[in-house]
Amino acid sequence: MKISDIINMAAYKVNKLNGSALSAAYTTLKSAFNKRVKVFQKHDAERALPVQFRNGMRSSLGMTEEEKVQAIKEASAFMRGSRSSYSGWKRSEVEQMESLNEMLKGDHEFKNLEDFRKYGEFMGEMQTRLGEMWKNVSSQVRELYFQSERLGVSSKQFLKNYEYWLAHAEELEKAKPLEWSSSGRKVKASDYARQLKLPKMSEWYESQNYSHELSETMTRKGRKKK
């Protein structure tokens with residue numbers, strides 16, 4: 001069976017596959033699918049793949065026929081789409097970026113795909129955290145992203161800070177306004193944490209199993225200083 005026949009096979013026909021015919025279809029599709037996965041991985045773009053296939057379709061060894069049928073349906077559905085190749089996905093990203101730039105009308109503008117991808121990842125992370133609230137606050141979250149960029153705060157750091165302060169929301173209600181210090185230094189978030197006797201952010205990250213990620217971040221910073 002040709003790969004094009006498998007990709008375009010109707011669901012009811014896939015359901016009828018069994019035995020050697022099913023195994024052959026799965027193997028053929030896996031070979032073609034995993035070649036595309038390697039291209040996405042080469043460009044660090046695995047996030048564009050379906051979550052269950054980011055490491056490729058797995059070996060059929062030990063899989064039940066029902067699992068093979070389901071995998072064929074899901075993988076072939078992806079491969080029928082215009083974003084199933086890296087070039088198609090990148091082209092779609094460019095179109096999305098240009099569309100958003102047009103909507104923003106110059107207030108903010110993405111200069112390249114790298115910036116646009118950072119924005120997309122941030123918005124996706126915040127949508128996951130906010131859940132049902134997302135529809136009402138998405139525009140405010142977008143503005144927060146651009147403000148953090150203007151202030152030089154990375155989106156990843158912003159998300160960590162957000163989680164830290166969200167975890168201590170009740171204590172923050174007791175915070176008293178702080179004036180600038182006599183030396184002219186601006187008040188920082190850590191000053192409020194100290195006032196409320198909250199754990200340092202680094203300590204809290206470690207308690208939340210962020211220690212490995214923090215270690216990697218500090219290592220990268222150390223390399224840059226060198």
Side-chain angles (χ1 to χ4, degrees), residues 1-103 109-129 145 154-156 159 209-210 212-213 215-217 219-220 223-224:
M1 191 181 301
K2 296 180 180 178
I3 182 62
S4 58
D5 294 332
I6 299 171
I7 292 173
N8 296 304
M9 188 181 295
Y12 78 91
K13 289 187 176 180
V14 178
N15 288 334
K16 292 182 178 180
L17 291 174
N18 56 59
S20 59
L22 175 59
S23 294
Y26 183 90
T27 299
T28 300
L29 182 60
K30 179 170 73 73
S31 177
F33 188 94
N34 289 355
K35 286 179 182 177
R36 296 199 185 189
V37 170
K38 288 182 179 179
V39 177
F40 278 98
Q41 290 175 337
K42 178 181 177 181
H43 295 280
D44 296 321
E46 296 95 324
R47 62 189 177 282
L49 298 165
V51 175
Q52 69 274 35
F53 295 128
R54 286 184 178 171
N55 291 317
M57 292 178 69
R58 65 187 180 92
S59 168
S60 61
L61 187 65
M63 292 180 69
T64 65
E65 290 201 339
E66 289 76 11
E67 289 173 332
K68 291 178 188 177
V69 165
Q70 187 60 31
I72 289 175
K73 287 180 180 178
E74 293 174 354
S76 60
F78 172 75
M79 292 186 76
R80 286 194 295 271
S82 60
R83 293 163 59 93
S84 64
S85 66
Y86 176 73
S87 59
W89 174 70
K90 187 174 180 180
R91 184 167 53 251
S92 175
E93 274 198 314
V94 170
E95 292 172 355
Q96 290 176 0
M97 182 179 72
E98 292 175 345
S99 177
L100 185 54
N101 279 342
E102 176 64 24
M103 185 188 79
E109 185 177 5
F110 298 102
K111 303 294 185 182
N112 52 58
L113 281 177
E114 183 179 353
D115 289 342
F116 179 67
R117 288 167 182 168
K118 279 171 51 183
Y119 164 81
E121 290 172 7
F122 174 82
M123 295 295 280
E125 291 282 355
M126 287 299 289
Q127 183 175 10
T128 299
R129 287 164 170 76
Y145 174 82
S154 74
S155 53
K156 288 186 177 181
L159 287 169
N209 296 321
Y210 284 124
H212 177 65
E213 186 176 351
S215 175
E216 289 186 340
T217 300
T219 299
R220 287 195 295 271
R223 288 173 183 163
K224 288 181 180 178

How close do [X] and [Y] get, heavy atom to heavy atom, and via which atoms?
X     : Y     : value
Ala25 : Leu17 : CB-CD1, 4.1 Å
Leu49 : Phe40 : CD2-CD1, 3.6 Å
Met63 : Ala71 : CE-CB, 4.4 Å
Ile3  : Thr28 : CD1-O, 3.9 Å
Tyr26 : Arg58 : OH-O, 2.7 Å

Quiz prompt | ring pair (Phe, Tyr, Trp, His ring centres under 6.0 Å) pairs, two or more places apart, involving residues 45-67 | solution =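 Matches after skipping sequence neighbours: Phe33-Phe53.
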About how many Å separate [atom2] of [Y] and [atom1] of [X], when rounded to the nearest 0.5 Å?
X      : Y     : atom1 : atom2 : answer
Leu100 : Gln96 : CG    : CD    : 9.0 Å
Asn8   : Lys2  : CG    : NZ    : 12.0 Å
Gln70  : Glu66 : CD    : CD    : 10.5 Å
Lys16  : Leu22 : NZ    : CG    : 14.5 Å
Met57  : Gln52 : CE    : CD    : 10.0 Å
Lys90  : His43 : NZ    : NE2   : 7.5 Å

Just distance, no hydrogens or angles: give the donor-acceptor pairs under 3.5 Å from side chains in residues 76-88, sequence neighbours left out.
| unit_1 | atom_1 | unit_2 | atom_2 | d |
| --- | --- | --- | --- | --- |
| Ser76 | OG | Ile72 | O | 2.6 |
| Ser76 | OG | Lys73 | O | 3.2 |
| Arg80 | NH1 | Ile7 | O | 2.6 |
| Arg83 | NH1 | Ser92 | OG | 2.7 |
| Ser84 | OG | Arg36 | NH1 | 2.7 |
| Ser84 | OG | Met79 | O | 3.3 |
| Ser84 | OG | Gly81 | O | 2.9 |
| Ser85 | OG | Ser87 | OG | 3.3 |
| Ser85 | OG | Gly88 | N | 3.0 |

Quiz item: Hey, does the side chain of Asn34 reach the backbone of Ala32 with a donor-acceptor pair shorter than 3.5 angstrom?
Solution: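 Absent.
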Self-check item: Set of residues satisfying side chain to side chain contact (heavy atoms under 4.5 Å, CB included) with respect to Asn55, sequence neighbours excluded
Solution: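 Asn55 satisfies side chain to side chain contact (heavy atoms under 4.5 Å, CB included) with Gln41 once adjacent residues are dropped.
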Self-check item: Residues which pass side chain to side chain contact (heavy atoms under 4.5 Å, CB included) with Lys42, listed by chain and number, not counting sequence neighbours
Solution: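 Once residues adjacent in sequence are excluded, Lys42 has no partner under the side chain to side chain contact (heavy atoms under 4.5 Å, CB included) criterion.
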Quiz item: Among all residues two or more places apart in sequence or in another chain, which pass the side-chain hydrogen bond (donor to acceptor under 3.5 Å, both in side chains) test with Ser31?
Solution: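 Counting only residues at least two positions away or on another chain, Ser31 forms no side-chain hydrogen bond (donor to acceptor under 3.5 Å, both in side chains).
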Self-check item: Lys118 and Tyr145: CA distance, side-chain angles, deciding distance, side chain to side chain contact (heavy atoms under 4.5 Å, CB included) verdict
Solution: CA-CA 10 Å; Lys118 279 171 51 183; Tyr145 174 82; 3.7 Å; yes
Practice problem: Dump the intermediate steps for side chain to side chain contact (heavy atoms under 4.5 Å, CB included) on Met97 and Asn101, then the final yes or no. | Solution: CA-CA 6 Å; Met97 182 179 72; Asn101 279 342; 4.0 Å; yes
Practice problem: With sequence neighbours excluded, tell me which residues meet salt bridge (Lys or Arg N to Asp or Glu O under 4.0 Å) with Arg54. | Solution: none
